[in-house]
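Structure, as structure tokens:
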Amino acid sequence: MYFWDIQSLKKELAAGQVGEKELFQYFLAHMVAIGLMFIPYASHNVFDIASAALSVPISVLGLVYVYKQSSAGQFLFQYFPIAWVFGIRFTVAALPLIFIFAAVSPEETSIWDVVFFGVFEIVFYWRLSVHFRDMPCTEASVA
């Protein structure tokens, strides 16, 4: 299971060297990460609801866009491994900006939080699509 080396992961995916067991590990890690994001950390206000409501269409449109960039024809086979490794890299790269934003942001969620995290999600899906566009053709079956 890769945590950082996305180029090697893409080569293994393209060569059909990633089996169902490994795919399940990426899927499981992805689902645990999503579950951790839903742990309530503070009281909610109207901007929390707006942020969650905005996240749904961004996710849907982002995933459709990433899917259309996937020329290899095995989107789900590729999605969880690539999204896992890219998600780690993207989060690490964005941490300084997140810390700065958190330091200057009020404690309660505001419109700026909604905008910041909306843009953050859009950039995530755009950059994820670049990795899908760069994928070489994938072998037809899972190893």
Side-chain angles (χ1 to χ4, degrees), residues 1-138 142-143:
M1 183 170 188
Y2 288 99
F3 289 90
W4 194 262
D5 188 1
I6 200 161
Q7 297 306 323
S8 294
L9 171 63
K10 290 193 293 191
K11 286 177 187 172
E12 284 187 20
L13 285 168
Q17 297 173 336
V18 178
E20 188 171 343
K21 180 181 178 183
E22 290 83 13
L23 290 174
F24 176 74
Q25 291 170 343
Y26 287 110
F27 173 73
L28 184 62
H30 185 83
M31 297 311 292
V32 168
I34 287 174
L36 291 173
M37 288 190 299
F38 286 108
I39 295 173
Y41 61 92
S43 61
H44 303 288
N45 66 22
V46 68
F47 294 114
D48 292 310
I49 295 166
S51 185
L54 182 63
S55 184
V56 172
I58 289 173
S59 295
V60 169
L61 294 173
L63 286 169
V64 168
Y65 182 71
V66 172
Y67 176 78
K68 288 183 177 190
Q69 300 304 309
S70 175
S71 61
Q74 294 194 2
F75 176 75
L76 291 177
F77 171 73
Q78 298 170 350
Y79 178 78
F80 291 106
I82 293 174
W84 172 254
V85 175
F86 174 69
I88 291 171
R89 293 166 54 115
F90 186 77
T91 301
V92 169
L95 277 177
L97 186 58
I98 292 169
F99 285 134
I100 291 168
F101 184 78
V104 299
S105 179
E107 190 171 314
E108 200 170 278
T109 306
S110 70
I111 187 66
W112 297 112
D113 295 289
V114 176
V115 171
F116 177 81
F117 287 106
V119 170
F120 187 83
E121 264 189 287
I122 291 168
V123 172
F124 173 84
Y125 285 113
W126 167 65
R127 288 298 303 157
L128 182 62
S129 74
V130 169
H131 288 290
F132 273 83
R133 196 173 32 240
D134 290 345
M135 275 294 296
C137 289
T138 304
V142 176

In terms of heavy-atom contacts, Ser59 and Tyr125 come closest through OG-OH, 3.5 Å

Straight-line distance of Leu128 CG to Ile6 CD1, nearest 0.5 Å: 7.5 Å

List in chain and number order the residues that pass side-chain hydrogen bond (donor to acceptor under 3.5 Å, both in side chains) with Ser8, two or more places apart in sequence or in another chain; answer none if no residue qualifies. Asp5

Would the distance check show the side chain of Glu22 and the main-chain N or O of Gly19 forming a donor-acceptor pair, the cut-off being under 3.5 Å? yes

With side chains defined as the heavy atoms from C-beta onward, is the minimum distance between Leu9 and Tyr26 less than 4.5 Å? yes

Could you tell me if the side chain of Val92 sits less than 4.5 Å from the side chain of Trp4, heavy atoms only? yes

Which atom of Gly118 lies closest to which atom of Leu54, heavy atoms considered: CA-CD2, 4.3 Å

Can you list the residues that meet the ring pair (Phe, Tyr, Trp, His ring centres under 6.0 Å) rule with Phe117, with sequence neighbours excluded? none

Considering only heavy atoms from C-beta outward, does the side chain of Asp113 approach that of Phe101 to under 4.5 Å? yes

Less than 4.5 Å apart, side chain to side chain, heavy atoms only: is that true for Tyr79 and Tyr67? no

Rounding to 0.5 Å, atoms NE2 (His131) and CD1 (Ile82) come to a distance of 8.5 Å

Find the distance between OG (Ser110) and CZ (Phe47) and round it off to the nearest 0.5 Å. 6.5 Å

Listed by chain and number, what are the ring pair (Phe, Tyr, Trp, His ring centres under 6.0 Å) partners of Phe90, not counting sequence neighbours? Phe86, Phe120, Phe124

Using a 3.5 Å distance criterion without hydrogens, assess whether the side chain of Ser55 forms a donor-acceptor pair with backbone atoms of Ser51. no

Check Phe80, Trp84, Phe77 against Phe27 for a ring-ring contact (aromatic ring centres under 6.0 Å, His included) and give me the one that passes. Phe80

